[in-house]
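As the structure is a computational prediction, the values presented were derived from the model and not from experiment.
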Amino acid sequence: MSYVLPTLTKKQEVDSFIRSTIDKVLVLRFGRSSDSACLLLDDVLAKTAREVSKFATVALVDTDSEEIQVYVRYFDIALIPSTIFFFNAHHMKMDSGTADHTKWVGPFQQKQDFIDVVEAIFRGAMKGKMIVNCPLPQERIPKYQLLYKDV
C-alpha cells in the first residue's frame with residue numbers, strides 16, 4: 001500500500017475520480033495492499049506519480065472492498081494487479097499484443113515503462129483515439145493466459 005497515492009474503497013469515490021479528472025489520464029490500479037505484485041507496482045506508481053502529474057493522475061483501488069466489486073465484475077478483473085486507464089471519463093484501451101486490450105495486467109518492470117505507456121495513452125487521447133498501441137517492446141510486456149469459464 002502506498003501512502004503517497006490516494007486509495008479508493010467506495011464506488012462513489014471511483015465514480016468521482018473518473019468524472020472529475022479532465023484533460024489528464026486517470027490511472028486506476030486495481031489490487032490488494034497485501035499482494036507482493038501489487039506492492040511492486042505501487043512502488044513504481046508512487047515513484048513516477050510526480051513525473052507524470054502534468055498529464056496523469058494515479059489512484060489505487062482496493063479490490064477487497066465490497067462496494068468496488070461492481071467495477072471488478074464490470075472490468076473482468078480476475079488477475080491482480082490490473083491497471084485501467086481513463087481520459088475525460090472515457091475508458092482508454094491499449095493494444096499490447098495480449099488478448100485483453102482493456103487493461104494492463106501485472107506490474108511494470110521499470111519506471112520508464114509506466115511513463116511511456118501513460119504518455120502514449122495521453123498522446124493518443126489528445127488525438128481522439130480510444131485505443132493506442134503499446135510503446136513497449138514485447139519482452140517487457142507481462143504474459144498471462146486467459147481462462148474462460150463455461151466455454
Side-chain angles (χ1 to χ4, degrees), residues 1-35 37-136 141-142 144 146 148:
M1 179 176 170
S2 174
Y3 295 104
V4 177
L5 302 171
T7 301
L8 312 176
T9 58
K10 296 183 178 161
K11 182 184 180 305
Q12 294 83 4
E13 293 173 345
V14 176
D15 291 341
S16 174
F17 254 77
I18 291 171
R19 282 193 302 262
S20 66
T21 306
I22 304 298
D23 292 336
K24 282 186 172 186
V25 174
L26 174 61
V27 180
L28 294 178
R29 189 279 287 151
F30 285 79
R32 295 184 183 94
S33 59
S34 59
D35 185 71
C38 291
L39 292 174
L40 187 73
L41 179 57
D42 291 354
D43 186 49
V44 170
L45 296 178
K47 288 179 180 177
T48 56
R50 187 165 180 242
E51 295 175 40
V52 298
S53 63
K54 290 188 178 189
F55 57 91
T57 301
V58 181
L60 311 177
V61 180
D62 184 14
T63 56
D64 290 332
S65 173
E66 277 301 315
E67 291 188 43
I68 299 298
Q69 295 307 309
V70 171
Y71 282 114
V72 171
R73 284 190 300 278
Y74 182 77
F75 290 117
D76 192 28
I77 297 172
L79 301 171
I80 60 169
S82 290
T83 308
I84 299 179
F85 305 94
F86 292 90
F87 186 81
N88 289 347
H90 293 286
H91 183 202
M92 296 297 296
K93 297 167 184 70
M94 182 175 53
D95 183 3
S96 57
T98 62
D100 190 358
H101 300 319
T102 61
K103 58 189 167 282
W104 179 274
V105 177
F108 290 93
Q109 293 181 4
Q110 305 169 14
K111 286 176 18 177
Q112 192 60 47
D113 290 349
F114 173 70
I115 294 169
D116 291 347
V117 165
V118 173
E119 188 176 357
I121 290 173
F122 178 74
R123 289 175 188 261
M126 291 303 286
K127 293 177 183 175
K129 296 181 180 179
M130 298 304 288
I131 186 166
V132 298
N133 289 322
C134 182
L136 303 180
I141 297 173
Y144 58 92
L146 286 178
Y148 295 101

State the [atom1]-[atom2] distance between [X] and [Y], to the nearest 0.5 angstrom.
X	Y	atom1	atom2	answer
L26	F85	CG	CZ	10.0 Å
W104	L136	CH2	CG	5.0 Å
L28	T57	CG	OG1	10.0 Å
T48	L45	OG1	CG	5.5 Å

Main-chain N/O of [Y] paired with [X] side-chain donor or acceptor, under 3.5 Å:
X	Y	answer
N88	D23	yes
K47	K111	no
K24	S53	yes
N133	P135	no
T83	R29	no

Next on the checklist: Strictly by salt bridge (Lys or Arg N to Asp or Glu O under 4.0 Å), give each pair with a member in residues 59-74 just once, sequence neighbours left out.
Outcome noted: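 Qualifying pairs: R32-D64.
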
Item to check | side-chain contact (heavy atoms from CB on, under 4.5 Å), paired with I80, selected from D35, V72, L41, V105 | outcome: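 Output: one option passes, namely D35.
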
Using atom types as modelled, flag every donor-acceptor pair under 3.5 Å from a side chain in residues 114-123 to any protein atom, sequence neighbours excluded.
from	atom 1	to	atom 2	distance (Å)
D116	OD1	Q112	NE2	2.8
E119	OE2	R123	NE	3.1
E119	OE2	R123	NH2	2.7

Next on the checklist: Tell me every residue that passes side chain to side chain donor-acceptor pair (under 3.5 Å) with S96, counting only those two or more places apart in sequence or in another chain.
Outcome noted: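 By the side chain to side chain donor-acceptor pair (under 3.5 Å) rule, S96 matches T98.
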
Checklist entry - Is the NZ atom of K129 crowded by more than 12 outside heavy atoms at less than 6.0 Å? => result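 No.
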
Checklist entry - For the residue pair H91 and F86, does the interplanar ring angle fall in the parallel (under 30°), tilted (30 to 60°) or perpendicular (over 60°) class? => result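 Judged by the thresholds at 30° and 60°, the geometry between H91 and F86 is tilted.
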
